[in-house]
Amino acid sequence: LIPTLHYSDYVLLLIHNAAEEPRVLCIIQDITSAKTVNERLTLNLPASTTLAKLYEDVAHKAGYVNGTFDLAWGNTPDMTPLDHNSEMSLSDSEFEPGGKRNFLQLTDKDGEQPQIASVTDSSGLDDSSQERFIGPLPRDGSAGCSGDYSSPSYSYSSILNKSDTGYVGLVNQAMTCYLNSLLQTLFMTPEFRNALYNWEFEESEEDPVTSIPYQLQRLFVLLQTSKKRAIETTDVTRSFGWDSSEAWQQHDIQELCRVMFDALEQKWKQTEQADLINQLYQGKLKDYVRCLECGYESWRIDTYLDIPLVIRPFGSSQAYGSVEEALQAFIQPETLDGPNQYFCERCKKKCDARKGLRFLHFPYLLTLQLKRFDFDYTTMHRIKLNDRMTFPEELDMSPFIDVEDEKSPQTESCTDSGAENEGSCHSDQMSNDFSTDDCVDEGICLDSTSSSERMLKPKSLLTFELFSVMVHSGSAAGGHYYACIKSFSDGQWYSFNDQHVSKITQDDIRKTYGGSSGSRGYYSSAFASSTNAYMLIYRLKDPSRNAKCLSVEDFPEHIKKLVQKEKESEEQEKRQREIERNTCKIKLFCMHPVKMMMESKLEVHKDKTLREATEMAYKLMELEGVVPLDCCRLVKYDEFHEYLERSYEGEEDTPMGVLLGGVKSSYMFDLLLETRQPDQVFQPYKPGEVMVKVHVVDLKNETIATPVSVRAYLNQTITEFKQLISQATGLPAETMRVVLERCYNDLRLLYVPNKTLKAEGFFRSNKVFVESSGSTDHQVAFTDSLLWKLLDRHGNTIRLLVLLPEQSPGTLANRTLCQKQQHQGSSASDSQKSSDASDFEHIESPTQEADSNSSLCVAADNRELENRIRATAGSSGGASSDPDNHFACEERSDSEVNNDRSTSSVDSDILSSSHSSDTLCNADSGPIQLANGLDSHSITSSRRSKAHEGKKETWDTAEEDSGTDSEYDDNGKSKAEAQYLYFRAEPCSQDDSFGRDTQKCLVVHVDKRITLAAFKQNLEPYVGVTSTQFKVFRVYANNQEFESVRLNETLSSFSDDNKITIRLGRALKKGEYRVKVYQLLVNEPEPCKFLVDTVFAKGMTVRQSKEELLPQLKEQCKLDLSIDRVRLRKKTWKNPGTVFLDYHVYEEDISISSNWEVFLEVLNEPEKMKSMSQLAVLTRRWSPATMKLGPFQEVILESSSVEELKEKLSEISGIPLENLDFAKGRGTFPCDISVLEIHQDLDWNPKVSTLNVWPLYICDDGAVVFYRDSTEEPMELSEEERNELMKKESSRLLKTGHRVSYSPRKEKALKIYLDGGPAKDPGQD
């Protein structure tokens, strides 16, 4: 309910010139109470505004007393408030100008809620100020329509009290200002309001939720009787069948008026109000054509609900200056002469004639629409005309009535040429129509009297008084509506601007004329105010009909009952609001003995005691029967840091409002319902303590234990802290090493005895690792120690769930990891074939011995391996110190590689100069203990050089290979040092599996710094094939799978318990790309058909790729094709593009990327495309005489000449060159368009000589061109045939997905649904 931001209603105007000061957009969230936390208020201020002035403006907007609240940045954890008294400008205080959003939070000051300012007029301005009702609430009396746009916001407190005008506003749902303006106008129309009150709703016949008249009736009752400042319109819009998205659509107020009146007429059928809209708003006019030779006149009668008045005539540089001038232009006849001559029925020839409109009757309520929205044909954009147009308070319509038609009828007969079904009629018939039956419906002719009386009576009754001006502020792209309405009870004008209602004067009305006081030149509107009248409503001055609004005492009985019902509802809402205002809402957590960590929200009245709140939390967390109530307590908790801030000993009877620091919408802390065993005692938590989770590290077994919680003080020294840990863990303090993990992978050894915990960077919640073995490991530098390596590994290890393929070709029982080395060796050889040997890292692999009792080769002692790697990596140039194990530089056969058991695979990573990857394997006779203490086989890999050490790496082909999909990239030069990357796999437990066979699922613990390539090689023994023969798919939400192909990237984007699916299939080698092949079928309903997945390689020619592709198509798709009758071409979504020629080379002539898509087209004859200078165009003949489109035919052009295109089209169609018209198709292939539209809608015969210029822009193969014979006349269709064809075309285009062949983005149509809501159209976009 509180400050609501209406993005659409207030267009943030662009800065018109460079000299104008930049502005700062501030969006403020009020978090001081539950009702305001979901709302926002917005300010658009000059960048020079001071912080002190910002506080003043926010106080004014939110309805608070300045100085009783704080403002803090909303997107940072630091809640330090901005300085109340600072004279620093916003631009100097880190606010970003230029339309960027600056998010702030309005918070309590010193723990107390803001004081609500005393209620004043909604605008806070004096009566003479125009800006009370225009768009924004202004600052310092600045012009509200000058471009200082900010959304009108209101405080929750302000809407609880009615405006001192006595009128109630309407809340803007988001963009419903146009609706609010119309509803307030209808409410302030006595005749409409009284008629609505007299209608009685029958609940037995209709659902009140979907009844538009009933919801309008409820709204009007609330507008008349509510004590609130503003009420919601959501019930009314719900009765329209609108959902919340409609609130974000802005529509034209005149369009809404028409649609709403239609809906009311439908709902009021068979009731007393059935003809209400016509009685009040409908007038009649005559549309005539008169022959200037014989005086013969044909005409038809039209009804209207509003009169559209042109602001500026088409092509004119001058606008009409007044409504009277525009009305005169409306009835001004035009002469039909020259080629526009009219065929006269009496003269039996074409004659000069006069065509025009005459008003016959005016309605009781006259609506004038000023047509301010126009279309600029030079820019092809909608524009708004802001020209000045005056309108009188009293409008005499007698000059515009058709005097001739009020006299006795002429003797000559007149035929009606306007309406097909009316046939012929005479003037006397026309006159009689209005003298008897229809007169009761009209605002002017009320009875059947003589023609002379009728002629006099309208003259005396044709004075209308203005009572509603609906104003639009903004541009054609969007803006804001509000209404200026005169009350008939006291003659006072009021501004109804959404929730704000205020008194205004005649001067304020005159300011809505628009324009500027200067000349009325062509460009005047560009510099005029954008706030001006759009719709005017006048009421006929007729004392016999002019009504007053019903007072509450005079309400019909059913309305009195409705008033009582709404009053009770409002009182109930007020009581509920009072309860809400005194309810503390805070997050509650509980470590449930059965359900583990639970989260809920505790809502407790501020006067409830801690004991009562504990009982409520006990029931909320479903602990009854699980833990006794006296074994539970509430403690202050910080869930983000998992920090127990304090316990509340001895405060069981303290009210929660006091304990929590008042009632707030959100708290900076949470509550934890702590439980204990009956034989345990709760530990007191004192404010100021910090929580430390202590993990004990066992270096010998390489395990890290689960944490023990210890509470310490920030002013304790490291020595005192070690004593504290010693008491908690039993480890000796003398040999203890303590390592603090400050953030991810930031390990800090605490070795200065007298330093305090605060100085070492301890915070609310901390994690430390302790080790007290007294081994020699503490003598080496910390970053070289085994402790550091173990913690580093622990911090980077993630747990992945890997689903293996169902048809795995081998099992772990008959494949050992050592055997996999054969494949790894061969893959190294593959890499060597395409690169110099110096690009490889030469690593000595530890000797391997297969354990006869184990099917897996498992990692040996880590320290031994580590020393071997260091020795290897540290040798000159990265070469092994053992010449026997050096890779041979020359190419080796597969058999040689298979026999070389001492060679390990070399995996590459070109992601950064600090990373390389190599996979090592070592056999050992038994399993080892890992980070979590689980007993399992493991595979250990090596990666990552240490920071600030080792040689600078260089790459011969870094640029070329960066980001490739290649399985085997060139390896970098060796590093000075490397460390292990951890990998361990074990079968899934029942809980971990994907819900499938657990034997096919692995739990893998792996260092996330490993490359995908190394990860795949480690998975080889489990999959049963080499890493080149399987693919890795990452499983996302909703079980969506995406293939991971960037093998030189690490697993750093993965996190614990991510799922991976392994699928068999050839993985990509260096320079290879996965390609999806689709068949292009230009004359099929679905022109794009998927065929196969294949692989294209860099350097391959198009012909080579076709040679590899054709056997695959024969096997998988049963397509037996000839290589000379097949072409490949570019595919952009469904559009066919460039034809690839046989000699084109991928990556050189044709750019190619991951998951590329390509079209395969089967040709009826050998390929005619031989050169890149040729152009392949798809053409299609349109036959207007048969209303049919022919099939697509390809035309090969040697140049981009229009003449050549027309010659080729003439050849294939037989149409003479001079009669051939052509047009480019619109939209995406196949550029479908309705046969009813193609003849007019396409740009036929553009005046260009080449195809590659505007408006054609045909520069590539695959463009669609329609052509026709210009001498062929379109088929004549009856109305029935046209409707039938329209249905067929709609159905055809809907199936092809081209219902609209080309259209710019359209506004959503304004509809009111009489059956409760829109039907879902499956084909709708």
side-chain contact (heavy atoms from CB on, under 4.5 Å) between Leu804 and Tyr1022, worked out: CA-CA 8 Å; Leu804 299 175; Tyr1022 304 97; 4.3 Å; yes
Would a distance-only check, ignoring hydrogens and angles, find a side-chain to backbone donor-acceptor pair under 3.5 Å from [X] to [Y]?
{"X": "Asn1083", "Y": "Phe1192", "result": "yes"}
{"X": "Asp1149", "Y": "His1144", "result": "no"}
{"X": "Glu1167", "Y": "Met1169", "result": "yes"}
{"X": "Lys1188", "Y": "Ser1183", "result": "no"}
{"X": "Arg1129", "Y": "Gly1137", "result": "yes"}
{"X": "Lys1118", "Y": "Glu1115", "result": "yes"}

Any chance the side chains of [X] and [Y] put a donor and an acceptor closer than 3.5 Å?
{"X": "Thr1094", "Y": "Gln1112", "value": "yes"}
{"X": "Thr1050", "Y": "Ser1052", "value": "yes"}
{"X": "Gln1079", "Y": "Glu1161", "value": "no"}
{"X": "Thr1101", "Y": "Tyr1143", "value": "no"}

Hey, are [X] and [Y] close enough for a salt bridge, meaning a charged N less than 4.0 Å from a carboxylate O?
{"X": "Glu1020", "Y": "Lys1016", "answer": "no"}
{"X": "Lys1098", "Y": "Glu1072", "answer": "no"}
{"X": "Lys1208", "Y": "Glu1211", "answer": "no"}
{"X": "Glu1165", "Y": "Lys1168", "answer": "yes"}
{"X": "Asp1243", "Y": "Arg1226", "answer": "no"}

Centroid-centroid distance, Tyr1036 to Phe1042, less than 6.0 Å: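 Yes: the rings meet the under 6.0 Å criterion.
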Output field: ring centroids Tyr1073/Phe1096 closer than 6.0 Å: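 No, too far apart.
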To the nearest 0.5 Å, tell me how far [X] [atom1] sits from [Y] [atom2].
{"X": "Leu1051", "Y": "Leu1012", "atom1": "CG", "atom2": "CG", "result": "6.5 Å"}
{"X": "Glu1198", "Y": "Ser1173", "atom1": "CD", "atom2": "OG", "result": "6.5 Å"}
{"X": "Thr1011", "Y": "Glu1049", "atom1": "OG1", "atom2": "CD", "result": "10.5 Å"}
{"X": "Ile1233", "Y": "Phe1266", "atom1": "CD1", "atom2": "CZ", "result": "6.5 Å"}
{"X": "Ser1053", "Y": "Asn1058", "atom1": "OG", "atom2": "CG", "result": "8.0 Å"}
{"X": "Asp1120", "Y": "Lys1114", "atom1": "CG", "atom2": "NZ", "result": "4.0 Å"}

Residue of the set Arg1103, Arg1127, Lys1170, Gln1104 for which side chain to side chain donor-acceptor pair (under 3.5 Å) holds with Asp1142: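 Of the listed residues Arg1103, Arg1127, Lys1170, Gln1104, the side chain to side chain donor-acceptor pair (under 3.5 Å) partner of Asp1142 is Arg1103.
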Can you find a pair of side-chain heavy atoms, one from [X] and one from [Y], that are under 4.5 Å apart?
{"X": "Val1202", "Y": "Lys1206", "value": "yes"}
{"X": "Leu1160", "Y": "Leu1080", "value": "no"}
{"X": "Lys1224", "Y": "Ile1258", "value": "yes"}
{"X": "Leu1197", "Y": "Leu1251", "value": "yes"}
{"X": "Val1082", "Y": "Leu1178", "value": "yes"}
{"X": "Ile1196", "Y": "Gln1174", "value": "yes"}
{"X": "Leu1047", "Y": "Phe1015", "value": "no"}
{"X": "Leu1091", "Y": "Tyr1078", "value": "no"}

Geometric cation-pi criterion, [X] with [Y]: 6.0 Å, 45°:
{"X": "Arg1034", "Y": "Phe1054", "value": "yes"}
{"X": "Lys1131", "Y": "Phe1159", "value": "yes"}
{"X": "Arg1063", "Y": "Phe1033", "value": "yes"}

Derivation and outcome, side chain to side chain donor-acceptor pair (under 3.5 Å), residues Asn1252 and Thr1250: CA-CA 6 Å; Asn1252 56 3; Thr1250 59; 3.1 Å; yes
CA sep, side-chain torsions, deciding dist, call: Leu1128, Leu1109, side-chain contact (heavy atoms from CB on, under 4.5 Å): CA-CA 11 Å; Leu1128 296 179; Leu1109 183 60; 4.2 Å; yes
What heavy-atom pair brings [X] and [Y] nearest, and what distance separates the two atoms?
{"X": "Ser1027", "Y": "Gln1017", "answer": "OG-CG, 3.8 Å"}
{"X": "Phe1229", "Y": "Asn1135", "answer": "N-OD1, 2.6 Å"}
{"X": "Val1032", "Y": "Phe1030", "answer": "CG2-CE1, 4.3 Å"}
{"X": "Leu981", "Y": "Ile1010", "answer": "CD1-CA, 3.5 Å"}
{"X": "Arg1268", "Y": "Ile1215", "answer": "C-CD1, 3.9 Å"}
{"X": "Ala1176", "Y": "Val1139", "answer": "CB-CG2, 4.3 Å"}

Pair Ser1201-Ser1199, side chain to side chain donor-acceptor pair (under 3.5 Å): steps then yes or no: CA-CA 6 Å; Ser1201 160; Ser1199 66; 4.6 Å; no
Passing candidate, side chain to side chain contact (heavy atoms under 4.5 Å, CB included) with Val1264, options Pro1136, Pro1230, Cys1231: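 Testing Val1264 for a side chain to side chain contact (heavy atoms under 4.5 Å, CB included) against Pro1136, Pro1230, Cys1231 leaves exactly one candidate, Cys1231.
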Contacts of type ring-ring contact (aromatic ring centres under 6.0 Å, His included), residue Tyr1267, not counting sequence neighbours: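 With neighbours one apart ignored, the set is empty.
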side-chain contact (heavy atoms from CB on, under 4.5 Å) assessment of Leu1220 paired with Ser1213: CA-CA 10 Å; Leu1220 197 138; Ser1213 65; 4.3 Å; yes
Criterion side-chain contact (heavy atoms from CB on, under 4.5 Å) on Val1075 and Val1095, from CA distance to verdict: CA-CA 6 Å; Val1075 177; Val1095 174; over 6 Å; no
Parallel, tilted or perpendicular, as decided by the 30° and 60° cut-offs, for the rings of Phe1140 and Trp1156: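 Parallel.
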For Lys1008, salt bridge (Lys or Arg N to Asp or Glu O under 4.0 Å) partners two or more places apart: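 Once residues adjacent in sequence are excluded, Lys1008 has no partner under the salt bridge (Lys or Arg N to Asp or Glu O under 4.0 Å) criterion.
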Asp1261 vs Lys1130, salt bridge (Lys or Arg N to Asp or Glu O under 4.0 Å): CA-CA, chis, key distance, verdict: CA-CA 9 Å; Asp1261 303 324; Lys1130 184 178 178 180; over 6 Å; no
Stepwise side chain to side chain donor-acceptor pair (under 3.5 Å) test for Thr1061 and Glu1041: CA-CA 8 Å; Thr1061 300; Glu1041 294 185 354; 3.2 Å; yes
